[in-house]
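Worksheet: the structure to be examined is printed underneath.
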Amino acid sequence: NIEKNFDWVTVSYHAEADFKLKDMVLNNIENLHKRNIRLSVNVIMHIDYWNETVEVCKILKEWGVKFNPLLKPNKPQMRFL
């Protein structure tokens, strides 16, 4: 029983990953949340996948899952943000 082994789980969502992997990550987040396992999700806000990451944040908010939107720099000048 997974609930006995974890106090907290942190998951990172990467929009640049393969579609199957992203789908699996969202399913795992939903399942962990439904099992009342405390978790937080780092959503990597990749500029090339901006709309997708915004939608993921909306889904997580609807589910009541804590999330942290993190900017992924894709240009050298953005790395200092």
Side-chain angles (χ1 to χ4, degrees):
N1 194 336
I2 193 169
E3 295 89 350
K4 295 178 185 176
N5 297 313
F6 294 96
D7 290 327
W8 189 277
V9 176
T10 301
V11 178
S12 292
Y13 181 89
H14 292 262
E16 70 273 19
D18 181 80
F19 175 77
K20 289 180 184 178
L21 180 60
K22 294 186 292 187
D23 192 45
M24 182 178 67
V25 168
L26 283 176
N27 285 332
N28 287 339
I29 292 167
E30 185 178 26
N31 288 330
L32 290 168
H33 180 66
K34 285 181 178 179
R35 294 173 90 165
N36 295 317
I37 295 175
R38 295 184 304 163
L39 74 144
S40 64
V41 180
N42 293 324
V43 180
I44 312 306
M45 304 298 289
H46 195 298
I47 194 74
D48 294 334
Y49 300 90
W50 191 259
N51 292 338
E52 177 183 342
T53 56
V54 168
E55 288 302 314
V56 168
C57 290
K58 288 179 183 178
I59 290 168
L60 296 173
K61 187 174 182 178
E62 287 175 16
W63 290 347
V65 173
K66 287 185 174 186
F67 64 93
N68 303 306
L70 303 173
L71 183 63
K72 176 177 175 40
N74 70 336
K75 297 180 181 176
Q77 65 270 26
M78 291 179 66
R79 292 199 175 119
F80 298 103
L81 294 177

Could you tell me whether a side-chain N or O of Asp23 sits under 3.5 Å from a main-chain N or O of Phe19, the two making a donor and an acceptor? no
Only one of Leu60, Val11, Leu70 forms a side chain to side chain contact (heavy atoms under 4.5 Å, CB included) with Val43, so which one is it? Leu60
Salt-bridged, Glu30 to Lys34, with N to O below 4.0 Å? yes
With clusters defined by side-chain heavy atoms of hydrophobic residues (ILVMFWY) lying less than 4.5 Å apart, directly or transitively, does Leu26 cluster with Tyr49? no
Can a donor-acceptor pair be found, under 3.5 Å and without considering hydrogens, that links the side chain of His46 to the backbone of Glu16? no
As a quick check of understanding, evaluate side chain to side chain contact (heavy atoms under 4.5 Å, CB included) for Trp63 and Ile29, giving each step before the final call. CA-CA 10 Å; Trp63 290 347; Ile29 292 167; 4.1 Å; yes
Contact summary for Met45 and Pro69, nearest pair of heavy atoms: CG-CB, 3.7 Å
Verdict with supporting geometry, Thr53 and Ile44, side chain to side chain contact (heavy atoms under 4.5 Å, CB included): CA-CA 7 Å; Thr53 56; Ile44 312 306; over 6 Å; no
Spacing of Thr10 atom OG1 and Arg38 atom CZ [to the nearest 0.5 Å]: 10.5 Å
